[in-house]
Amino acid sequence: MNKIKNLADLRDLKDKLQTKTKLRDKSENPEQMVQVKVAMATCCIASGSRETMNYIVDELDKRNIDAVVTQTGCMGYCYAEPTVEVIMPGKEPVVFGYVDTKKADEIIEKYIKSGILVEGIIPVNYKKIEQ
Amino acid sequence: MKDLSYHILDIVQNSLNAGAQRVEIDLWEETPTGRLTLKINDNGRGMDADMLKRITDPFFTTSVKKKVGLGLPLLKQNAELTGGSCSVESESGQGTRVTAIFNRNHIDMIPTGDLAITLKTLIASSHERDFLFTCRRDEEGFEVNTAEIRSQLEGVSLASREVLDYISTFIRDNLKSMT
């Protein structure tokens, strides 16, 4: 059975990242950070939320944006999957629908970086399927 | 669900929603018979006998936001289409064990898909929980134990992209060497 047992590799990685995280101090102050929640229920996964999530995790890091990416359950907007909720510090949460990688790029570039709203927002008072 | 890796991601969500701190994912293929066994064990809150009876009913869900729960029914369907089966054992407060058995050689067998991305997604979004992923083909195999990796990283987050990439490369390389 092969294991990740290459301790030297992991230690190198650790040393490299420790310097990086010192500059960032992740999750010390979650209210001050951008929070991105990707819905990850059956409907979301079948519509491609895994790819959206991966793209967001990679791109936020590449573009040096301090953010916490987590997953959430089905928000009830199954028709608009994949859905992504973005909470900017001090602002109301915004839910975007039909977020493929192209849309995710737009959300990161415009909304997260410059605060400009992009198309595809699901209004909070929008009817859910049980209503 | 297009492939097995999506099913794994989906079923593990149930474990995470049940408050599991540790999820074990075990994928085991026996090439002489083509039997592929997927086991997902968690230490979440488990289910009582009543709920257990209803979980493969597509119209049963614990969610208040929707009226269907398709994760397990879809897994069961895909397993049964290959002549396999899907069973769930659980007790209140005792965690849950999901076992799906597939016949790899059956024409209706779904592809395996990208296991590395599934694991990466799970670790990235739930890095404070423990995942033990084992993948075996006959005598060969590999394992990823995030509790072990976390202790080596001494405070550096498992959700760092470099760590995630390292883990997915490890999985890809090992899967490649197994084929």
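Residue numbers start from 1 in every chain, and the chains themselves are labelled A, B, ... in the order their sequence lines are given, proteins ahead of strands. All of these numbers come straight from a predicted model, not from anything done at the bench.
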A:M40 versus chain B, the contacting section by heavy-atom distance below 4.5 Å: both
Top contributor to chain A contacts, counting heavy-atom pairs under 4.5 Å, from B:L70, B:V68, B:L9, B:D114: B:L9
Any side-chain donor near an acceptor of the partner, A:E81 and A:S47, under 3.5 Å: no
Selection from B:N174, B:I117, B:D165 maximising heavy-atom pairs under 4.5 Å formed with chain A: B:I117
Heavy-atom proximity to chain A below 4.5 Å, by part of B:T118: both
Modelled atom types, side-chain donor and acceptor of B:R129 and B:S15, under 3.5 Å: no
Chain A contact via B:I11 - which portion, at a heavy-atom distance below 4.5 Å: neither
B:R97/B:D26 salt bridge by N-O under 4.0 Å criterion: no
side-chain contact (heavy atoms from CB on, under 4.5 Å) between B:I167 and B:K120, worked out: CA-CA 7 Å; B:I167 297 172; B:K120 184 184 165 189; over 6 Å; no
Segment of B:E154 engaging chain A (4.5 angstrom heavy-atom cut-off): both
Atom NZ of B:K76 with >12 non-hydrogen neighbours under 6.0 angstrom: no
Between B:A124, B:S63, B:G71, the one whose heavy-atom pairs under 4.5 Å with chain A are most numerous: B:G71
No-hydrogen, no-angle side-chain donor-acceptor test under 3.5 Å, B:R104 and B:T112: yes
